[in-house]
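Please read all numbers here as calculations on a predicted model, not as lab measurements.
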Amino acid sequence: MAVGETPLVYAPRRMVAYEPDRVRGWTVKRYGISATRPRPPEPVVEAARSAVLRTLPDAYDDALAYAYSVLHEDPDGCYVVVGWWSRNRVILHTRTWLSQWEAPDDWRPAPNGATACIWEMVAMAHERDAWVRHVVRPEVPDVEAYLASTVCGAF
């Protein structure tokens with residue numbers, strides 16, 4: 001499937017934040033966006049968890065292991081952006097997955113190096129700022145404040 005080929009007119013899309021998940025030693029903040037309804041339904045949210053599980057490496061034994069995911073229902077399919085912070089807390093690693101509506105749990109790497117769209121980048125920008133504010137800048141990281149910092153609304 002081609003990504004970024006279908007013409008569209010910008011319209012705000014609603015973003016919701018879910019409770020964090022624990023995945024193989026990682027704490028994962030989660031977001032959902034839908035182009036067609038107020039929030040992705042639970043079966044699609046569950047399917048996104050499998051993309052996160054597939055993506056994250058083994059958690060660090062000696063460092064903070066935090067990540068986030070952005071599930072996005074788009075007219076051309078479902079996307080999941082998975083981001084995780086490096087051991088030194090300043091590098092973000094990402095992987096983007098795409099599935100077809102007919103098989104929402106059949107995640108394929110997004111083609112042509114696609115990373116994120118303008119709606120997903122709202123969550124990504126928020127996560128960067130929250131990570132710096134609560135984890136990187138303080139002498140002692142405040143991971144509870146980081147987990148509590150989310151972004152929701154129409155963007």
Side-chain angles (χ1 to χ4, degrees), residues 1-60 63-132 135 146-147 149-155:
M1 163 179 268
V3 173
E5 301 292 325
T6 305
L8 60 88
V9 174
Y10 175 82
R13 295 183 183 182
R14 179 135 182 84
M15 182 181 310
V16 296
Y18 302 102
E19 288 296 314
D21 265 349
R22 292 284 296 165
V23 176
R24 286 195 345 263
W26 290 87
T27 301
V28 183
K29 291 174 72 175
R30 303 177 307 131
Y31 295 94
I33 304 167
S34 181
T36 60
R37 47 188 151 199
R39 65 188 311 136
E42 191 55 34
V44 178
V45 173
E46 250 336 285
R49 287 186 174 113
S50 68
V52 173
L53 182 62
R54 250 173 105 167
T55 303
L56 292 175
D58 291 336
Y60 310 126
L64 297 175
Y66 286 83
Y68 64 84
S69 67
V70 184
L71 164 64
H72 187 178
E73 289 187 304
D74 193 68
D76 63 355
C78 292
Y79 294 84
V80 175
V81 178
V82 182
W84 64 101
W85 297 104
S86 64
R87 184 183 310 275
N88 72 0
R89 302 183 304 187
V90 298
I91 304 296
L92 176 67
H93 303 271
T94 62
R95 183 82 186 262
T96 302
W97 300 92
L98 172 64
S99 71
Q100 304 296 315
W101 282 108
E102 304 79 43
D105 58 352
D106 183 20
W107 297 103
R108 308 285 169 125
N112 302 320
T115 302
C117 74
I118 57 175
W119 293 281
E120 296 151 0
M121 291 171 76
V122 171
M124 294 175 77
H126 174 84
E127 286 302 303
R128 180 263 178 213
D129 291 347
W131 186 251
V132 170
V135 178
Y146 168 68
L147 291 174
S149 180
T150 60
V151 60
C152 299
F155 303 95

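In this structure a side-chain-to-backbone donor-acceptor pair under 3.5 Å is missing from W84 to A59. A donor-acceptor pair under 3.5 Å is formed between the side chain of R24 and the backbone N or O of L56. At least one donor-acceptor pair closer than 3.5 Å links the side chain of R54 to the backbone N or O of W107. In this structure, the side chain of W101 engages the main chain of D74 through a donor-acceptor pair within 3.5 Å. With hydrogens and angles ignored, the 3.5 Å screen pairs no side-chain donor or acceptor of R95 with any backbone N or O of P109.
Of all heavy-atom pairs between P40 and L71, the closest is CB-CD2, 3.7 Å. A154 approaches R14 most closely through the heavy-atom pair N-NH1, 4.0 Å. Across all their heavy atoms, V80 and V82 have their closest contact at CG1-CG2, 3.7 Å. Pairing each heavy atom of R22 with each of T27, the nearest pair is NH1-OG1, 2.6 Å. V81 and T115 get closest at one heavy-atom pair: CG2-O, 3.5 Å.
With a 4.5 Å cut-off on side-chain heavy atoms, F155 and M15 count as touching. At least one side-chain heavy atom of R30 sits under 4.5 Å from a side-chain heavy atom of S69. Using a 4.5 Å heavy-atom threshold, the side chains of E73 and C78 count as touching. Side-chain contact between W26 and W85 is absent, with no heavy atoms from C-beta onward closer than 4.5 Å. With contacts defined as side-chain heavy-atom distances shorter than 4.5 Å, the pair Y66/P20 does not qualify. Taking 4.5 Å as the limit, every side-chain heavy atom of V52 sits out of range of all side-chain heavy atoms of D21.
Here R87 pairs with D62 under the salt bridge (charged side-chain N to carboxylate O under 4.0 Å, His left out) rule; sequence neighbours left out.
For the side chain to side chain donor-acceptor pair (under 3.5 Å) condition, the pairs that include at least one residue of residues 120-130, sequence neighbours left out, are K29-E127, Y31-E127, H72-E120, H126-S149, E127-Y146.
Side chains of S99 and R108: no donor on one and acceptor on the other come within 3.5 Å. Remark: the W97 side chain and the T55 side chain contain an N/O donor-acceptor pair separated by less than 3.5 Å.
The residues R49 and E42 are annotated as salt-bridged, a charged nitrogen and a carboxylate oxygen being separated by less than 4.0 angstrom.
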